[in-house]
Structures are given as C-alpha cells and as structure tokens.
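All residue numbers in this chain count up from 1 along the given sequence.
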Amino acid sequence: MLSSFLSTFLYVFTSLVTVVNPIGAAMFFLTITAGATRAQRMALSNKVCIYFLIMALVTLCAGSFVLSFFGISLGVLRVAGGLILFSAGWLALNNTSSTTDEEEQAETTAGAHKPRTYQDWMKLAFYPFTMPLTLGPGAIAVTTAIGTSMSFTLPNVVGAFAAALANALIVWLCFRYADRITEILGPSGSDAIGRIFSFILVCLGVQIFWTGFSELWLTLMSSVPK
C-alpha cells in the first residue's frame with residue numbers, strides 16, 4: 001500500500017511540476033502584477049493556490065468524462081495544448097527586450113490599463129493567473145492522461161491528491177515570494193532563468209504535440225482499409 005502511494009505520488013508530482021513550471025509562471029505573474037502591492041500579490045497567490053488545487057483534482061478525476069462529453073479526444077487536446085505551449089514559449093524565448101525595459105513597460109501598462117483595487121485584482125485570480133498561466137493546456141492534458149490511466153484505488157487516489165497538493169503549495173510559494181526571487185537573482189539572473197524555462201516550455205510543447213500527433217496518426221492508419 002505504501003509503495004503504491006509513493007509511486008503514484010512521485011509519478012503525478014514529477015509529471016505535473018514539469019509542465020506547470022512554477023518558477024517560470026511566477027516570473028510572468030510578477031510582470032503582470034507590476035501595479036499591485038505585495039499584500040495584493042499575497043492574496044492573489046492564496047486564491048491561485050486554491051483554484052489550482054481544485055482544477056488539478058477535477059481534471060484528474062473527471063477530465064476524461066468532460067472530454068468525452070464534448071467529443072474531444074486526448075490526442076486532439078495534446079496537439080492543441082502542445083501548439084499553445086510552443087507558441088507561448090517561442091514568444092518568450094525570442095523576446096529581445098531587456099529586463100529593465102520590460103519592467104518599465106509593465107509599470108507604464110499597469111498604470112494606464114491594469115486595475116489597482118483589491119477587488120479588481122482578485123477577479124483575475126482564476127483567469128488568467130490560474131488558467132492558462134499556471135494550469136494550462138499542457139497541464140490539463142497531463143492530469144487527464146494520468147486520470148484515465150490510473151486505477152482508482154485508495155493508495156493511488158491519496159497519492160494523486162498529495163501530489164496535486166504539493167504542486168499547489170509550490171505554486172503558492174513561488175507566486176507569494178516572486179518579488180524576492182527576482183531580488184535574489186538580479187535582473188540578469190532573472191532574465192537567464194526566464195529564457196531557460198522558455199526553452200523548456202518550447203520543448204514541452206513539441207513533446208506534447210508529438211505525443212498527440214502520434215496517437216492521432218496511429219488512429220488514422222488503423223482506420224484505413226488494407
């Protein structure tokens with residue numbers, strides 16, 4: 001029972017944390033919330049953590065049912081999610097502006113367009129901070145695939161729940177202390193980390209796309225009359 005719990009926990013945790021990329025998401029979170037106070041960021045991180053945990057558990061337990069209800073295959077979801085991740089990673093990787101310019105632009109944009117009140121920031125907790133910034137198509141595809149392939153025994157269910165909770169806590173820590181991470185790394189370090197994770201995001205997008213495309217191709221080949 002313990003070995004089943006540990007294997008499920010490690011499998012779900014490592015699969016999800018790689019796709020979620022909490023450090024990279026925290027960098028985007030900090031840029032988007034340039035006009036918010038530290039207290040508002042902390043409140044936002046609390047809500048994002050709760051929403052992330054709920055969505056992760058829903059996709060783990062009922063993701064396959066939702067897809068079948070709308071007639072969406074897992075291969076199609078992976079292809080679409082892979083394309084979106086690749087696009088986001090490619091844009092971030094080829095962003096040639098410096099960190100200082102980005103911060104100034106973010107501050108200007110925040111002052112001109114972004115909400116300043118507590119209630120307005122809280123309205124953004126689910127979209128876009130939880131979906132698609134944190135739990136995007138790639139993470140949904142991963143959790144749905146895990147849920148469809150996992151046998152729902154007590155050790156597996158507890159292990160999957162613990163893994164989702166661990167990922168939610170990591171997201172909470174990274175979002176809550178995102179400004180301190182950038183202070184420690186400095187502008188050049190933050191830019192380097194962001195580009196590394198952008199490249200990883202591109203690779204993940206290609207991997208998820210290729211997995212979905214391979215499934216669709218095999219399905220197509222099996223349906224062709226010989």
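In this structure T144 satisfies the side-chain hydrogen bond (donor to acceptor under 3.5 Å, both in side chains) test with no other residue, sequence neighbours excluded.
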Side chains of residues 124-138: which donor-acceptor partners sit under 3.5 Å, not counting sequence neighbours?
residue	atom	partner	partner atom	Å
T130	OG1	A125	O	2.7
T134	OG1	F129	O	2.6

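Taken to the nearest 0.5 Å, the SG atom of C61 stands 6.5 Å off from the CE atom of M150. Note that the CD1 atom of I140 and the OG1 atom of T143 stand 6.5 Å from one another [nearest 0.5 Å]. Note that CZ of F29 and SG of C174 are 11.0 Å apart. Values are rounded to the nearest 0.5 Å.
In this structure a side-chain-to-backbone donor-acceptor pair under 3.5 Å is present from Q40 to T37. Within the 3.5 Å criterion, the main-chain N or O of T33 finds a donor-acceptor partner in the side chain of R41. Here the side chain of S15 pairs no donor or acceptor atom with the backbone of V12 at under 3.5 angstrom.
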Quiz item: How far apart are the C-alpha atoms of R180 and R38, what are their side-chain angles, what is the distance that settles it, and do they pass the side chain to side chain contact (heavy atoms under 4.5 Å, CB included) test?
Solution: CA-CA 10 Å; R180 300 184 186 181; R38 175 168 289 183; 3.5 Å; yes
Exercise. Could you walk me through whether F13 and I170 pass side chain to side chain contact (heavy atoms under 4.5 Å, CB included), step by step?
Key: CA-CA 11 Å; F13 177 79; I170 292 176; 3.5 Å; yes
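In this structure, F209 is a member of the same hydrophobic cluster as W217, with clusters built from ILVMFWY side-chain heavy atoms closer than 4.5 Å. No single ILVMFWY cluster, assembled from side-chain heavy atoms under 4.5 Å apart, contains both V17 and L53. The cluster map of Ile, Leu, Val, Met, Phe, Trp and Tyr, joined by side-chain heavy atoms under 4.5 Å apart, puts F9 and L2 in different clusters. M122 and V171 end up in the same hydrophobic cluster when Ile, Leu, Val, Met, Phe, Trp and Tyr side chains are linked at under 4.5 Å. The same ILVMFWY cluster, assembled from side-chain heavy atoms under 4.5 Å apart, contains both F213 and L216.
Minimum heavy-atom separation, A139 to V19: N-CG1, 3.3 Å. Nearest heavy atoms, T18 versus T14: OG1-O, 2.7 Å. Of all heavy-atom pairs between F175 and P22, the closest is CE1-O, 4.1 Å. Heavy-atom minimum distance, A26 versus A178: O-CB, 3.8 Å. In this structure, F52 and A164 approach most closely via the heavy-atom pair CE2-O, 4.0 Å. When all heavy atoms are compared, the tightest approach of G212 to V79 is C-CG2, 3.6 Å.
Counting non-hydrogen atoms of other residues, nucleotides and ligands closer than 6.0 Å to CZ of F152 gives a total above 12.
There is a side-chain donor-acceptor pair under 3.5 Å between Q207 and T211.
Under the side-chain hydrogen bond (donor to acceptor under 3.5 Å, both in side chains) criterion, the residue pairs touching residues 153-172 are S4-N156, T8-N156, N46-W172, S151-N156, T153-N156, with sequence neighbours excluded.
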